[in-house]
Novice: 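This is the structure I have questions about; it appears just below.
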2 protein chains.
Amino acid sequence: MRVSLKDVALRAGVSIKTVSNVVNDYQHVTPAMRARVQQAIDELGYRPNVTARHLRNGRTGIIALALPELGNPYFAELASAVIDAAAGHDYIVLLDHTGGRREQEMLVSQGFRALVIDGLILSPLELADEDLSGRTEQVPLVLLGERHYDLPYDHIAIDNVAAARAAVRHLLDLGRREVAFLGAQPRRNRPAELRVRGWREELAAAGLDAGEGLVAATDGWGHEDGARAMARLLDAGRRPDAVFASNDLIAIGAMRVLSERGLRVPEDVAVAGFDDVVEGRYGAVTLTSVSPDKAAIARMAVASVLDRLDGADRPARRQTAGLTLIERESTRGRAARG
Amino acid sequence: MRVSLKDVALRAGVSIKTVSNVVNDYQHVTPAMRARVQQAIDELGYRPNVTARHLRNGRTGIIALALPELGNPYFAELASAVIDAAAGHDYIVLLDHTGGRREQEMLVSQGFRALVIDGLILSPLELADEDLSGRTEQVPLVLLGERHYDLPYDHIAIDNVAAARAAVRHLLDLGRREVAFLGAQPRRNRPAELRVRGWREELAAAGLDAGEGLVAATDGWGHEDGARAMARLLDAGRRPDAVFASNDLIAIGAMRVLSERGLRVPEDVAVAGFDDVVEGRYGAVTLTSVSPDKAAIARMAVASVLDRLDGADRPARRQTAGLTLIERESTRGRAARG
DNA sequence: GTGAAAGCGCTAACAA
DNA sequence: TTGTTAGCGCTTTCAC
């Protein structure tokens, strides 16, 4: 059986409370007493039972992080950042993935998978406002990655539209005139929708074609989706001189197809992605990409959860994390290695 | 305040026990009673307090998974698989990363980061037998990915040596004669050590040079490590006709450098890696790689933990997960697309 | 088949 | 400064 406070108290010949005081670094304990108790603790190898402590004070020290897909390096890198940010506050992270499916995202938001958590950070792909409006679960919820939720939840956003526009402008600045968009099925309020919008706005601002013929939608966000979409576009007879993909994996899949078809990147087709995943920095052609500040996102998200736990009773807050466009070979050519 | 069993009991006009019976699907409850209690539960929106339940029965429903680095897609993909495997048994997964650092791995193995877990799956990089021999933490520990631990812990291994030999043999079968090894600093019992050993054995069996001049050690397991190691080898005047890297990221980093130096893959240099990460399937040249069965590893690991939790009192078990060598363009050329 | 009550290990009032 | 005790919400004997 595991050793409890009582055992230590017995051993040290003091009361449970005194042991508890020592364990919790309570101020008013005489050094002599502290030493005596500490010795008993060491001898017995006592470790506090966190479950009991949490039953008592209502906290578990765990926050859940629910992401669409850990296999996507963007989310893996983000998860890493969240684990570190949480560790800085003595919190640990329970990880879940939703597959980006709406029902799963709803389940998670209602806490059906994890009833032990103090807070939840959710990065939704499909979830709509109305899916969350009936939320009854009490633990603080922080939303990630979107910008148009109109709900009473804290929200760490990135400015998808502005970022997409910056990427497209970069392509236009390089003299490209036929910029295709590759990316997940744009549905209302989803990241893909905002990124197409940015693409469309920037082209429109430049007086260029943003017709549907230049958009190749994908079912998902993986390499293979990008490869298929690119192939479809080319098979349809389009020969854009630039491609903006709604994430890096799609961009990399597209580059793969371009190379198979004998098209050079960036000479024939310039390619830009979104996420700045490590993978993009090591391909045969390094990938130009919009780079969200993942560490900042993680920090803000964790801070928001803890803030709510500390009883902050303020209106829902929307914070925007920084973004940088990192220009690499897929748009600038080899000279631009980075 | 959250609604508890007591509230439901009050509402339904029954005792706490009866409500508990209903919640836990206890057999002998009259349907009428069950319906009445269920109604109260629904009306009040009762959700069991898992912390209390766990304090009572000693389980938390959480297993921890500690991996070196989530940014490495192999581990991200493995984490995904473990989450799914655990979900199949109504367990959730607490994720931690160790950076592959020994002290951190020791801390995790002692449970210092997470005192709430029922079991721990640890994938060590640096940990040595003696680091674990003094382990006092009680929760079941399952080790991942190695094969030479001589400790009383269940262990899901892959046969690194055999896998490395198979990869090298493939390179030799293609007619290559100067096969370099790129990979993390080989230290005793670490995966890298076993993979160099396989490389060395297979070359020796073929009567070929396995001299130190063909080994380029790396500090870590990332793209940049592979890039640096490859550059160093070439700068030293070696011009191998094949490279076996101890993981895919190193292989991809190396391919990047080869291409910068104007060497073609696989015509000039054939490249094989280890892990079969998705990234390797979508580069300009797809990567031949040793593919461990990640789903099987996850399944076995979770099963081992649960087995121990169910009180299995058997000697430590060593299971070996399957491996396949996936041949792609980096050794076979474009004909072999896959 | 259902109820009463003890107790899991801990913390925090309150008492001494 | 330290000890006593109630109670967090649940499960589980043991009565009824």
Side-chain angles (χ1 to χ4, degrees), chain A residues 1-41 44-62 90 111 114-118 138-139 309, chain B residues 1-41 44-62 90 111 114-118 138-139 309:
Chain A
M1 203 48 217
R2 206 165 143 155
V3 9
S4 78
L5 270 191
K6 192 151 77 175
D7 302 318
V8 178
L10 228 57
R11 171 77 156 232
V14 299
S15 84
I16 283 185
K17 176 58 164 76
T18 305
V19 181
S20 173
N21 282 341
V22 171
V23 170
N24 294 294
D25 273 325
Y26 180 65
Q27 298 286 343
H28 310 288
V29 186
T30 56
M33 180 59 85
R34 185 178 296 278
R36 186 159 123 218
V37 171
Q38 189 59 53
Q39 185 181 354
I41 288 176
L44 265 44
Y46 167 77
R47 306 266 302 281
N49 178 321
V50 186
T51 307
R53 177 178 292 172
H54 293 332
L55 172 58
R56 187 52 233 226
N57 64 22
R59 298 275 186 93
T60 65
I62 301 176
D90 288 321
L115 297 142
V116 275
I117 59 175
D118 288 345
Q138 298 291 325
V139 308
L309 281 177
Chain B
M1 204 48 216
R2 207 167 141 151
V3 9
S4 79
L5 270 191
K6 192 151 75 176
D7 302 317
V8 178
L10 227 57
R11 170 76 156 234
V14 300
S15 83
I16 286 185
K17 174 61 163 78
T18 306
V19 182
S20 173
N21 282 341
V22 171
V23 171
N24 293 295
D25 273 325
Y26 180 64
Q27 298 285 343
H28 309 289
V29 188
T30 56
M33 180 59 85
R34 185 178 296 278
R36 187 162 122 218
V37 171
Q38 188 60 53
Q39 185 181 354
I41 288 177
L44 266 42
Y46 169 76
R47 305 263 302 280
N49 178 321
V50 186
T51 307
R53 178 178 290 173
H54 292 332
L55 171 59
R56 189 53 234 222
N57 65 22
R59 297 274 186 94
T60 65
I62 301 176
D90 288 321
L115 297 143
V116 275
I117 61 176
D118 288 346
Q138 299 288 326
V139 310
L309 281 176

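Numbered from 1 within each chain, the chains take letters A, B, ... in sequence-line order.
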Novice: For A/Arg59 and C/dT11, what is the distance between atoms CZ and P respectively, to the nearest whole Å?
Specialist: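 Going from A/Arg59 (CZ) to C/dT11 (P), I get 14 Å.
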Novice: Identify whether any heavy atom of A/Val14 sits under 4.0 Å from a base atom; if not, whether one sits that close to sugar-phosphate; answer base, sugar-phosphate or nothing.
Specialist: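 If one applies the 4.0 Å heavy-atom cut-off, A/Val14 turns out to touch the sugar-phosphate alone, with no base involved.
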Novice: May I have all residue pairs that pass salt bridge (charged side-chain N to carboxylate O under 4.0 Å, His left out) and include part of residues 52-61 of chain B, sequence neighbours excluded?
Specialist: B/Arg59-B/Asp310
Novice: Quick one: B/His28 NE2 to C/dT2 P, roughly how many Å, whole number?
Specialist: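 Those two atoms, NE2 and P, are 11 Å apart.
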Novice: Compile the donor-acceptor pairs under 3.5 Å between side chains in residues 9-19 of chain B and protein atoms, sequence neighbours left out, one pair per line.
Specialist:
residue: B/Arg11; atom: NE; partner: B/Glu43; partner atom: OE1; Å: 2.8
residue: B/Arg11; atom: NH2; partner: B/Glu43; partner atom: OE1; Å: 2.7
residue: B/Ser15; atom: OG; partner: B/Lys17; partner atom: N; Å: 3.3
residue: B/Ser15; atom: OG; partner: B/Thr18; partner atom: N; Å: 3.4
residue: B/Ser15; atom: OG; partner: B/Thr18; partner atom: OG1; Å: 3.4
residue: B/Lys17; atom: NZ; partner: B/Asn21; partner atom: OD1; Å: 2.5

Novice: So how far off straight is the helix from C/dG1-D/dC16 to C/dA16-D/dT1, going by the axes through five pairs at either end, to 10°?
Specialist: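 Roughly 40°, once rounded to the nearest ten degrees.
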Novice: To the nearest 0.5 Å, tell me how far B/Asn49 CG sits from B/Leu5 CG.
Specialist: 9.5 Å
Novice: Of all the choices, C/dC10, D/dG9, D/dT2, which nucleotide is nearest to the side chain of B/Leu55 once you look at every atom?
Specialist: D/dG9
Novice: Is the distance from OP1 or OP2 of C/dC8 to the nearest side-chain N or O of A/Ser4 less than 4.0 Å?
Specialist: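 Checking C/dC8 against A/Ser4, no side-chain N or O comes under 4.0 Å of OP1 or OP2.
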Novice: Just jot down the salt bridge (Lys or Arg N to Asp or Glu O under 4.0 Å) partners of B/Asp90, sequence neighbours excluded, or say none.
Specialist: none
Novice: Rounded to whole angstroms, how far apart are CZ on A/Arg47 and P on C/dC8?
Specialist: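 That distance rounds to 20 Å.
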Novice: Measure from the side chain of A/Ser15, starting at C-beta and using heavy atoms only, and say which of C/dG9, D/dG3, C/dG1 lies closest.
Specialist: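 The nucleotide sitting nearest to the side chain is D/dG3.
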Novice: Please collect all ring pair (Phe, Tyr, Trp, His ring centres under 6.0 Å) contacts where either partner lies in residues 9-33 of chain B, sequence neighbours excluded, each pair once.
Specialist: B/Tyr26-B/His28
Novice: Hey, which sits more toward the 5' end of DNA chain C by its nearest nucleotide, B/Arg36 or B/Ala52?
Specialist: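 Here B/Arg36 is the residue nearer the 5' end.
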Novice: Reading nucleotides 11-16 of chain D from the 5' end, what letters show protein touch, with B for base, S for backbone sugar-phosphate only, - for no heavy atom under 4.0 Å?
Specialist: BBB---
Novice: Check side-chain hydrogen bond (donor to acceptor under 3.5 Å, both in side chains) between A/Asn57 and all other residues, then give those that pass, not counting sequence neighbours.
Specialist: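 Expected list: none.
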Novice: Could you walk me through whether A/Val8 and A/Val22 pass the side-chain contact (heavy atoms from CB on, under 4.5 Å) check?
Specialist: CA-CA 11 Å; A/Val8 178; A/Val22 171; over 6 Å; no
Novice: What residues form a side-chain hydrogen bond (donor to acceptor under 3.5 Å, both in side chains) with A/Asp118, not counting sequence neighbours?
Specialist: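 For A/Asp118 the side-chain hydrogen bond (donor to acceptor under 3.5 Å, both in side chains) partners, ignoring immediate neighbours, are A/Thr60, A/Tyr91.
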Novice: Hey, which sits more toward the 5' end of DNA chain C by its nearest nucleotide, B/Val19 or A/Thr51?
Specialist: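 In this pair, the answer is B/Val19.
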